[in-house]
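Notes for the one structure printed next.
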Amino acid sequence: MGTGSREQEFGQPGAMGGPQGPRHRQQELPLRILVPTQFVGAIIGKEGLTIKNITKQTQSKVDIHRKENAGATEKAITIHSSKEGCSQACRMILEIMEKEANDTKIVEEVPLKILANNSLVGRLIGKEGRNLKKIEQDTGTKITISSLQELTIYNQERTITVRGGVEECCNAEVEIMKKLREAHENDVASLNVMMTCNCYIKGLFLTVVYLFVPTPAVGALIGKKGQHIRELAHYAGASIKVKCFGPDCILRLAQGRIYGKLKEENFFTAKEDVKLEAHIKVPLTAAGRVIGKGGKTVNELQNLTSAEVIVPRDQTPDENDEVFVKIIGHFFASQTAQRKIREIIQQVKQQERKHQQMVPTPSQPSK
């Protein structure tokens, strides 16, 4: 169930921060592109010689997701390298596809298609589309972005299609990825989350979510030598070990990737919703508010979200005076329930702060 069963990996030793490579490259946002399925063979080359040449020249690791989405007309390629390495590998792949298109006459044009998480795309477009228009003008290309309606709970990436000559498309790739990397780095910086340690950072409300997955799926989530779980953590910006940890917006992204991976690996049928059990911690003082008088609030939560929400009775609070709330449901149901419960927690905390401010400070005795 490891990576090798779903994709082909080609890489230069040390290119991604191994014993011979700089570790900071692991933090670079990878370049993900879509290529027509009929060109994948040419990109790999006989006995993999072409793709090996690309990885060697660009000092990159290239994942060709060849076996994913069987029957699809396009396949994703993920390039891990420095900014320059990603751009150089992209150029070489575009040149291979253009030559193949000219030789076979299969298609008239081969646009560059970049995949980007929806959370970054708005800043690429810019206010009133100014950023995108400037890139088009500066590079002589035509750029379109797939509709929001095409997003699913399992796929939060949008397709940025760039039309023009190879040189123009390559120039546009540099500018597009520059904007996407800036947005990604700003997100990470603003959250001020250290991904190497599980700690609460002063002034930042972080949440821990325990997500339970079927035992047979654990290997698929971890991947060959832990690659899938590392990529998931890097992609989402959350610390993922036996639990998902981070700010709420990051946890949503991390959980979405886990739900999607389980669907992709066929642990659930095509018509079956992926339903998982999640546990979140709530302060003991807020647990009663989650339940509500006579169970009114928890019943409303279940009716609103279609998730099953359970506050187990007779729990012993942990060292932080917190207890677990169980949430069972598909992705959207679970996320809505988690958000509503966090809103209740915030309301309780605000009320506690107001109460503390209203309590008079004992006056100092006069000398």
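Note that the structure is a prediction, hence the values are computed from the model and not measured.
Side-chain N or O atoms of Glu168 include one that pairs as donor or acceptor with a backbone N or O of Gly165 at under 3.5 Å. Between the side chain of Asp318 and the main chain of Asn320, a donor-acceptor pair closer than 3.5 Å is present. With hydrogens and angles ignored, the 3.5 Å screen pairs a side-chain donor or acceptor of Thr37 with a backbone N or O of Glu74. Without hydrogens or angle criteria, Asn117 side chain to Leu120 main chain gives no donor-acceptor distance under 3.5 Å. Using modelled atom types, one side-chain atom of Ser146 and one backbone atom of Thr159 make a donor-acceptor pair closer than 3.5 Å. Put simply, the side chain of Thr55 gets close to the backbone of Lys52: a donor and an acceptor are under 3.5 Å apart.
Ile291 and Ile345 fall within the same hydrophobic cluster, where Ile, Leu, Val, Met, Phe, Trp and Tyr residues are linked whenever their side-chain heavy atoms come under 4.5 Å apart, directly or through other members. Under the 4.5 Å side-chain heavy-atom criterion for ILVMFWY residues, a single connected hydrophobic cluster contains both Val40 and Ile51. Hydrophobic clustering of Ile, Leu, Val, Met, Phe, Trp and Tyr side chains at less than 4.5 Å, counting indirect connections, keeps Ile328 apart from Leu301. Ile43 and Val166 fall within the same hydrophobic cluster, where Ile, Leu, Val, Met, Phe, Trp and Tyr residues are linked whenever their side-chain heavy atoms come under 4.5 Å apart, directly or through other members. Val174 and Leu112 fall into different hydrophobic clusters, where Ile, Leu, Val, Met, Phe, Trp and Tyr are joined by side-chain heavy atoms under 4.5 Å apart, directly or via other members.
Asn299 meets the side-chain hydrogen bond (donor to acceptor under 3.5 Å, both in side chains) test with no other residue; sequence neighbours excluded. Not a single salt bridge (charged side-chain N to carboxylate O under 4.0 Å, His left out) links Lys179 to another residue, sequence neighbours left out. Applying the side-chain contact (heavy atoms from CB on, under 4.5 Å) criterion to Thr73, with sequence neighbours excluded, gives no partner residue. Considering only residues two or more places apart in sequence or on other chains, Thr285 meets the side-chain contact (heavy atoms from CB on, under 4.5 Å) condition with Pro283, Val348, Glu352. Among residues two or more places apart in sequence or in another chain, the ring pair (Phe, Tyr, Trp, His ring centres under 6.0 Å) test is passed with Phe324 by Tyr210, His279. For the side-chain hydrogen bond (donor to acceptor under 3.5 Å, both in side chains) test, no residue two or more places apart in sequence or in another chain qualifies with Gln38. By the side-chain contact (heavy atoms from CB on, under 4.5 Å) test, Leu304 is found to be paired with Lys340, residues two or more places apart in sequence or in another chain being considered. Judged as a side-chain contact (heavy atoms from CB on, under 4.5 Å), and not counting sequence neighbours, the contacts of Val323 are Val282, Leu284, Ala287, Gln315, Pro317.
Every pair tested for ring-ring contact (aromatic ring centres under 6.0 Å, His included) that includes a residue from residues 119-146 fails, sequence neighbours excluded, so the list is empty. Residue pairs meeting the side chain to side chain donor-acceptor pair (under 3.5 Å) criterion with at least one partner in residues 91-103, sequence neighbours excluded, are Arg91-Glu167, Lys99-Asp103. Residues in residues 126-139 take part in these side chain to side chain donor-acceptor pair (under 3.5 Å) pairs, two or more places apart or across chains: Glu128-Arg130, Lys134-Asp138, Thr139-Thr141.
Through side-chain heavy atoms spaced under 4.5 Å, either directly or across other Ile, Leu, Val, Met, Phe, Trp or Tyr residues, Leu34 is tied to Leu115.
When side chains are defined from C-beta on, Asn118 counts as touching Leu148, because their heavy atoms get closer than 4.5 Å. Side-chain atoms of Ile280 and Gln338, non-hydrogen and from C-beta on, do get closer than 4.5 Å to each other. Using a 4.5 Å cut-off on side-chain heavy atoms (C-beta onward), Ile145 and Leu132 make contact. The shortest distance between side-chain heavy atoms of Val110 and Phe39 falls below 4.5 Å. Residues Val298 and Val325 have side chains not in contact (no heavy-atom distance under 4.5 Å, counting atoms from C-beta outward). Using a 4.5 Å heavy-atom threshold, the side chains of Val162 and Pro111 count as separate. Between Ile114 and Leu31 the shortest side-chain heavy-atom distance falls below 4.5 Å.
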Test side chain to side chain contact (heavy atoms under 4.5 Å, CB included) applied to Ile160 and Lys113, step by step: CA-CA 5 Å; Ile160 304 160; Lys113 293 188 176 183; over 6 Å; no
CA sep, side-chain torsions, deciding dist, call: Asn53, Gln57, side chain to side chain donor-acceptor pair (under 3.5 Å): CA-CA 6 Å; Asn53 180 54; Gln57 288 195 36; 3.1 Å; yes
Test side chain to side chain contact (heavy atoms under 4.5 Å, CB included) on Asp63 and Ile79 and set out the steps. CA-CA 6 Å; Asp63 297 334; Ile79 304 168; over 6 Å; no
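Across every non-hydrogen atom of Lys275 and His330, the tightest pair is CG-N, 3.7 Å. Taking every heavy atom of both residues into account, Ala307 and Ser334 meet most closely at CB-N, 4.4 Å. What you find for Pro30 and Met177 is that their closest heavy atoms are O-CE, 3.9 Å. The two residues Ala89 and Ile54 have their closest heavy-atom pair at CB-CG2, 3.9 Å. Of all heavy-atom pairs spanning Thr297 and Gly292, the tightest one is OG1-CA, 3.3 Å. Between Ala183 and Arg123, the shortest heavy-atom contact is O-NH1, 3.4 Å.
Side chains of Ser81 and Gln59: a donor-acceptor N/O pair is absent below 3.5 angstrom, by distance only. Judged by distance alone, the side chains of His80 and Ser60 never bring a donor and an acceptor atom under 3.5 Å apart. At a cut-off of 3.5 Å, with distance as the only test, a side-chain donor of Arg289 or Gln351 sits close to an acceptor on the other residue.
Summarising the geometry, atom CD belonging to Glu185 is positioned 11.0 Å from atom CG belonging to Leu180; distances are rounded to the nearest 0.5 Å. Rounding to the nearest 0.5 angstrom, the gap separating the CD atom in Glu157 from the CZ atom in Arg32 is 4.0 Å. Distance check, rounded to the nearest 0.5 Å: CD of Glu308 to CD of Gln302 gives 6.0 Å. Atom CD1 in Ile64 sits 4.0 Å away from atom CD1 in Ile44 (nearest 0.5 Å). Remark: Cys86 SG to Arg181 CZ distance equals 5.5 Å, nearest 0.5 Å. Here the straight-line distance linking atom CD1 of Ile77 with atom CZ of Arg66 works out to 10.5 Å at 0.5 Å rounding.
Look at Glu150 and Arg158 and you find no salt bridge, because none of the NZ, NE, NH1 or NH2 atoms lies under 4.0 Å from a carboxylate O.
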